[in-house]
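First the structure, in the form of structure tokens, and then the observations on it.
Within every chain, numbering begins at 1; the chains are lettered A, B, ... in the order of the sequence lines, protein sequences first and strands thereafter.
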Protein chains: 4
Amino acid sequence: MSPRTSQQYEQIRAKSKKKIFQAAVELFSSQGYHVVSVSQIADKAGVAKGLIYNYFESKDAILQEIIHQVSSEMIGFMSAMEDEKEPKKRLETLIRSTFKLLKEKKDFYSLIMPLLSQPSFSKEVKQSLASFIKVIVQDMEVSLSNLNVQYPRIEALTIGAMIDGIAWHYLLIYKEKYPLDEMELKVIAYIRQLP
Amino acid sequence: MSPRTSQQYEQIRAKSKKKIFQAAVELFSSQGYHVVSVSQIADKAGVAKGLIYNYFESKDAILQEIIHQVSSEMIGFMSAMEDEKEPKKRLETLIRSTFKLLKEKKDFYSLIMPLLSQPSFSKEVKQSLASFIKVIVQDMEVSLSNLNVQYPRIEALTIGAMIDGIAWHYLLIYKEKYPLDEMELKVIAYIRQLP
Amino acid sequence: MSPRTSQQYEQIRAKSKKKIFQAAVELFSSQGYHVVSVSQIADKAGVAKGLIYNYFESKDAILQEIIHQVSSEMIGFMSAMEDEKEPKKRLETLIRSTFKLLKEKKDFYSLIMPLLSQPSFSKEVKQSLASFIKVIVQDMEVSLSNLNVQYPRIEALTIGAMIDGIAWHYLLIYKEKYPLDEMELKVIAYIRQLP
Amino acid sequence: MSPRTSQQYEQIRAKSKKKIFQAAVELFSSQGYHVVSVSQIADKAGVAKGLIYNYFESKDAILQEIIHQVSSEMIGFMSAMEDEKEPKKRLETLIRSTFKLLKEKKDFYSLIMPLLSQPSFSKEVKQSLASFIKVIVQDMEVSLSNLNVQYPRIEALTIGAMIDGIAWHYLLIYKEKYPLDEMELKVIAYIRQLP
DNA sequence: GATGAATGAGTCTTCATTCAT
DNA sequence: CATGAATGAAGACTCATTCAT
């Protein structure tokens, strides 16, 4: 019964929090934020309801934190293209990264898309996610500029729309039946034919 | 005094129902279904809470009816291309109709997109909307087939993704700042360069 | 379009009120007072909801009036024995009348029994019905006294309990399967064997 | 501090549930199920409204549970006669048990009688209570058969009607003024004079 | 006399959050 | 750190009653 060291405590804390976080991600993404109750999260996480409030200020705070992490992960994923200077390669890398993200982090995507559209969420969160998209589009715009495409902004927005449209159709309309790989190739082909 | 004629009652009913319906559309689309309370709808419509239940079975039923109307309107809009047999013209008409719809029924669209993504909504509703998209894509596939495009399905899905991606970016990310008209032209240009 | 005479109005009034009254009796007795709504009564009566309030102060008032009528009818039925002075005959007549009432006014009885037990009803009403029973029992007590039965009050209460117990079993437990006629004979036989 | 042991929780739960249960019994039996609101129960029990739903699925479920307990207690009480084989003794035991039940569990009885008559209650519940009565009557019928009574069924129904009639008069008509003990003796005397 | 749209107080129920242990 | 009983505000919905016509 020796008292735990503060390091041990730290580990316990981290573990519990993780469990709650995971449970929340799964439930929110599969059922939607409003429909999921704190009790459900606790059940799924296998902890007592009250414990959740040791780690998160509120139900809303859980969501905030999830979104925060999503943003970080997205940025991390995207950093793959950081070093790529050659415009076409850069575009291609960006697209491949996005599709990779889409496949590997399907859960997060499914969670984020509805949230972005849910009009009642904290402006900041939505803006941070929206601005993420904007940054990507802007990056593409620069690449396209360098390629001397005539209307680089329109072209960038088009490619962006294609990608997000594909994600949308994949996650919400066609699901398993969507030819995601072929679509990826199609987008790659599209940018390859650019001047 | 004698009671009102049944015609008068009909009018009164229609008017009240409309008020409630309108209020619900505005609130749902600007704040999201779950966040809006029946009391809010009543307040906005300027009627007593109870009256809502004279016209709608439940809060959910209001949504159903809204969606039903959206579906009808979509189908109506799309019928513009019914007579167009020439493949390229048909594709073009379809695209123009969609953009028109997007501009004129912005409210409805903003309401529908989140709903489609909200995982917890009645399957029927989501399926009916999803199948609407599928039908459009299939129609495009036929046109593209007739044009002897190599992979008509992939091409159809690409155009579909572009359109929905544009809608998504317009309604949820860029809003007023989105160059919707230029994007429309871009999509038209895209199909024109097809074989 | 000659104006109706006041007599005609009187008839119309009486007719409408009767319709409402009947509908209420049937619904209350088959479903219970609290469960039946004013709208249901209006529907069943084939009149507008509002009309009910032309004839009755409130939902409760309808019930009061029904009960009032039941009381009157009971008293009327019982008057059959008024002239019968001979004790045994008098008792027998009373029993026969009760069973007749039970058979012919089953609806009313079914309505009254629950109400009597429902603790929350207007004291007056309940007391008036309770006192009806008490009066009957007292009448029997007198007859039994005249027959020199040893404990006329206990005997009267016993016969009263038998009758009401039979009614209770018939209406609420066994229903159609209850041998009501045999039970009537049994009660008659019981009093016949008294001294 | 460490959390309570699960045993402690069990006790707390049992205690709270009991408080709610008790409050419901008293209110339902004194005012009637429909008239009592969940808030009233909570107030009387001295708990928050919401807590009730930690222990009962719904208002209706409270009633179900009460009735379930009544049934159990009735069966328990009646088991006194299990071993009694001699017909007259068996009948007598049964009657004494019933009167004992009537005196000791007056509250429950007052609650049950109205419910049985209330037409709108769950069939199961009513049938289970009705069948309880039927079982008792049948048991008496067997005993009476063994006594070679001429019409054992009619006789059994008569005794049953007497008992329930007495209960009815006692609980709902005469209350404190009812000579319950004398009536008990009277019923006993009645069966003693059987062949 | 008759209609039925409209009202709003009141009902049951849910659930995020607190807190004693 | 962890538990889950308890709270109460808020939500969807019902229904007796009113009232303009």
Among [options], which nucleotide has an atom closest to any side-chain atom of [X]?
| X | options | answer |
| --- | --- | --- |
| D:S16 | F:dA6, E:dT7, E:dT17 | F:dA6 |
| D:N54 | F:dA6, E:dA6, E:dT13 | F:dA6 |
| A:A48 | F:dT3, E:dT13, E:dA5 | F:dT3 |

Spacing of [X] atom [atom1] relative to [N] atom [atom2], expressed in whole Å:
| X | N | atom1 | atom2 | value |
| --- | --- | --- | --- | --- |
| A:K15 | F:dC1 | NZ | P | 15 Å |
| B:E57 | F:dC15 | CD | C1' | 16 Å |
| A:I20 | F:dT3 | CD1 | C1' | 13 Å |
| A:K17 | F:dC1 | NZ | C1' | 15 Å |
| D:H34 | F:dA16 | NE2 | P | 12 Å |
| B:E10 | E:dG4 | CD | C1' | 12 Å |
| C:Q8 | E:dG1 | CD | P | 13 Å |
| C:K19 | E:dG1 | NZ | P | 13 Å |

Could you state the interatomic distance from [atom1] ([X]) to [atom2] ([Y]), rounded to the nearest 0.5 Å?
| X | Y | atom1 | atom2 | result |
| --- | --- | --- | --- | --- |
| D:F28 | D:I41 | CZ | CD1 | 4.0 Å |
| D:D107 | D:I112 | CG | CD1 | 11.0 Å |
| D:F108 | D:E73 | CZ | CD | 5.0 Å |
| C:L63 | C:I67 | CG | CD1 | 4.0 Å |

| query | Is there any salt bridge (charged side-chain N to carboxylate O under 4.0 Å, His left out) pair reaching into residues 9-36 of chain C, and which pairs are they, with sequence neighbours excluded? | reply |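 Sorted result for residues 9-36 of chain C: C:K17-C:E65, C:E26-C:K44.
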
| task | Please tell me which of B:L51 and D:Y55 maps to the more 5' nucleotide of DNA chain F, matching each residue to the nucleotide holding its nearest heavy atom. | result |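 Its nearest nucleotide being more 5', the pick is D:Y55.
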
| task | Could you check B:Y33 against D:I12 and say which one's nearest nucleotide on DNA chain F is further toward the 5' end? | result |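 Here D:I12 is the residue nearer the 5' end.
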
| Phosphate OP1/OP2 of F:dG4: any D:R13 side-chain N/O under 4.0 Å |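 So the side-chain polar atoms of D:R13 never come under 4.0 Å of the phosphate oxygens OP1 or OP2 of F:dG4.
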
| message | Looking at D:Y53, I'd like to know whether one of its side-chain N or O atoms comes within less than 4.0 Å of OP1 or OP2 on E:dT14. | response |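 No, no such contact exists.
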
| request: Please tell me which of B:Y9 and A:G50 maps to the more 5' nucleotide of DNA chain E, matching each residue to the nucleotide holding its nearest heavy atom. | output: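 Per heavy-atom nearest nucleotide, the more 5' residue is B:Y9.
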
| task | Can you sort out which residues in residues 36-47 of chain B have a heavy atom within less than 4.0 Å of DNA chain F? Ascending by number, please. | result |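 Correct list: B:V36, B:S37, B:V38.
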
| request: Identify whether any heavy atom of B:S6 sits under 4.0 Å from a base atom; if not, whether one sits that close to sugar-phosphate; answer base, sugar-phosphate or nothing. | output: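 No contact at all - B:S6 keeps every heavy atom at 4.0 Å or more from the nucleic acid.
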
| query | Should the ring pair B:F21 and B:F56 be called parallel, tilted or perpendicular, given that the plane angle runs from 0 to 90° and is split at 30 and 60? | reply |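 B:F21 vs B:F56 ring planes: parallel.
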
| message | Restricting to non-hydrogen atoms, name the atom on A:Y53 and the atom on A:S58 that form the minimum distance, rounded to 0.1 Å. | response |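 Heavy-atom minimum between the residues: CE2-CA, 4.0 Å.
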
| For B:I20 and B:A45, which heavy atoms make the closest approach, and how far apart are they? |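 Looking at all heavy atoms of both residues, the closest pair is CA-CB, 3.9 Å.
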
| E:dG10 base to B:K49 side chain: any donor-acceptor pair below 3.5 Å? |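 By the distance-only test, yes, there is a pair.
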
| query | So, the side chain of B:K59 versus the backbone of B:V36: is there a donor-acceptor pair under 3.5 Å, distance only? | reply |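 Indeed, once roles are kept as given, a pair shorter than 3.5 Å links the two residues.
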
| message | With a 3.5 Å distance limit and no angle check, can you tell me whether B:Y33 reaches the backbone of B:L27 through a side-chain donor-acceptor pair? | response |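 No; judged by distance alone, with no hydrogens or angles, the pair does not exist.
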
| field | Stem segments of DNA chain E by first residue number [Watson-Crick or G-U, under 3.5 Å, at least 3] | value |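 Result, WC/G-U stems under 3.5 Å: E:2-21 with F:2-21.
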
